[in-house]
Amino acid sequence: MSPIKSPQRYPELADPQVRPRFTGVPTFFRLPYSEDLAGLDIGVIGVPFDGGVTNRPGARHGPREVRNQSSLMRIINAATGIAPFAGRRVADLGDCWIEQPYTLEAALAEIAAFFRTVKAAGVTTLAVGGDHSISLPILRAVAANGPLGMVHIDAHCDTGDDYLGSRFHHGAPFRRAVEENLLDPKRVIQIGIRGTVNDPNMWRFSRESGMRVMPMDEFQDLGWRAALSEAERVIGDGPTYLSFDIDALDPAYAPGTGTPEAGGLTTIEAMRLLRGLTGHDFVGADLVEVSPPFDHAGLTALHGASILFELLCLLAAAPAR
Ligand code: MN
Ligand code: MN
């Protein structure tokens with residue numbers, strides 16, 4: 001099939017990813033949109049579901065706005081030199097859309113089934129939420145061969161328990177994941193934790209299960225380099241998941257999110273931390289909690305898309321499986 005318009009002067013423009021960035025349909029990173037898993041290494045997947053929020057909704061609109069802002073990304077990470085599209089076959093696999101959004105546990109089961117199908121084809125997944133409840137069903141698929149380590153960057157530990165009668169919501173996915181033997185808590189580090197609580201033991205499960213919790217005050221005192229060293233010590237060489245809640249960033253950078261907390265990471269601190277993790281055995285990642293209805297000037301979606309590019313680079317640079 002020949003295109004209607006082919007480049008006449010600049011043959012490199014045959015590649016949509018290097019055309020002027022205001023052109024084209026905004027898939028993630030202007031990648032080809034494809035639901036064909038054959039021959040693919042990494043699939044970027046939207047999960048437009050926010051049925052697990054405890055406060056402000058809207059993260060169901062996250063994938064579309066992150067796609068839009070991700071069209072600003074070019075193809076090479078200038079800081080690390082990683083060109084994630086050159087070494088690995090990457091596609092926008094579209095959305096994991098939900099048939100039963102009013103039934104939380106059924107919706108989570110749909111998400112797990114979708115990611116199991118992708119994993120069964122040997123494709124590494126990079127998910128864009130959606131609220132943080134989606135990480136549990138993703139881990140049910142990705143951790144099928146045994147518990148994983150995790151680098152978790154968030155204002156909240158998300159290891160709470162039942163809330164208003166539900167065991168499943170965006171404040172509890174990682175407690176459930178440990179209970180389901182999807183995570184090895186001794187190989188989990190949680191960075192950026194802060195904010196107010198109603199119960200001083202709200203995140204007790206993290207500490208009692210052996211997770212390394214790095215509150216925001218400690219991060220600020222020690223800096224991103226020390227946080228990086230600590231993360232590398234905790235996750236070691238084993239297979240590791242990476243979950244990035246955009247509310248880890250200060251609301252100055254990411255106002256459009258469900259549960260903002262003042263006093264967070266700057267975007268460059270998060271980027272330096274992520275870049276430092278290059279080469280570790282990351283087997284999947286997600287970016288969650290971008291809520292466009294609460295955003296201003298696309299700030300949160302832009303920073304989210306920029307973090308997503310760093311996550312993609314980590315997956316592309318992980319040891320081949
Ligand atoms: Mn959070
Ligand atoms: Mn979270």
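For ligands, and for the atoms within them, numbers begin at 1 and follow the listed sequence.
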Exercise. With side chains defined as the heavy atoms from C-beta onward, is the minimum distance between Leu136 and Glu180 less than 4.5 Å?
Worked result: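 When only atoms from C-beta onward are counted, Glu180 and Leu136 do touch, with a gap below 4.5 Å.
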Exercise. Taking the side chain as C-beta and beyond, is there a heavy-atom pair between Val213 and Arg207 under 4.5 Å?
Worked result: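 In short, these two side chains touch, coming nearer than 4.5 Å.
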Exercise. Around the Mn ion (ligand 1), how many protein N, O or S atoms are closer than 2.8 Å?
Worked result: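 For the Mn ion (ligand 1), the figure is 5.
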Exercise. Should the pair Phe29 and Phe309 be assigned to parallel (<30°), tilted (30 to 60°) or perpendicular (>60°) ring geometry?
Worked result: perpendicular
Exercise. Which is it for Ser206 and Thr159 under the side-chain hydrogen bond (donor to acceptor under 3.5 Å, both in side chains) test, yes or no, and what are the steps along the way?
Worked result: CA-CA 6 Å; Ser206 287; Thr159 49; 2.8 Å; yes
Exercise. What do you reckon, is CG of Asp237 surrounded by more than 12 foreign heavy atoms closer than 6.0 Å?
Worked result: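 No, because the 6.0 Å sphere around CG of Asp237 holds 12 heavy atoms or fewer from other groups.
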Exercise. Side chain to side chain contact (heavy atoms under 4.5 Å, CB included) between Val90 and Asp41: does it pass, once the steps are laid out?
Worked result: CA-CA 6 Å; Val90 190; Asp41 295 310; 5.9 Å; no
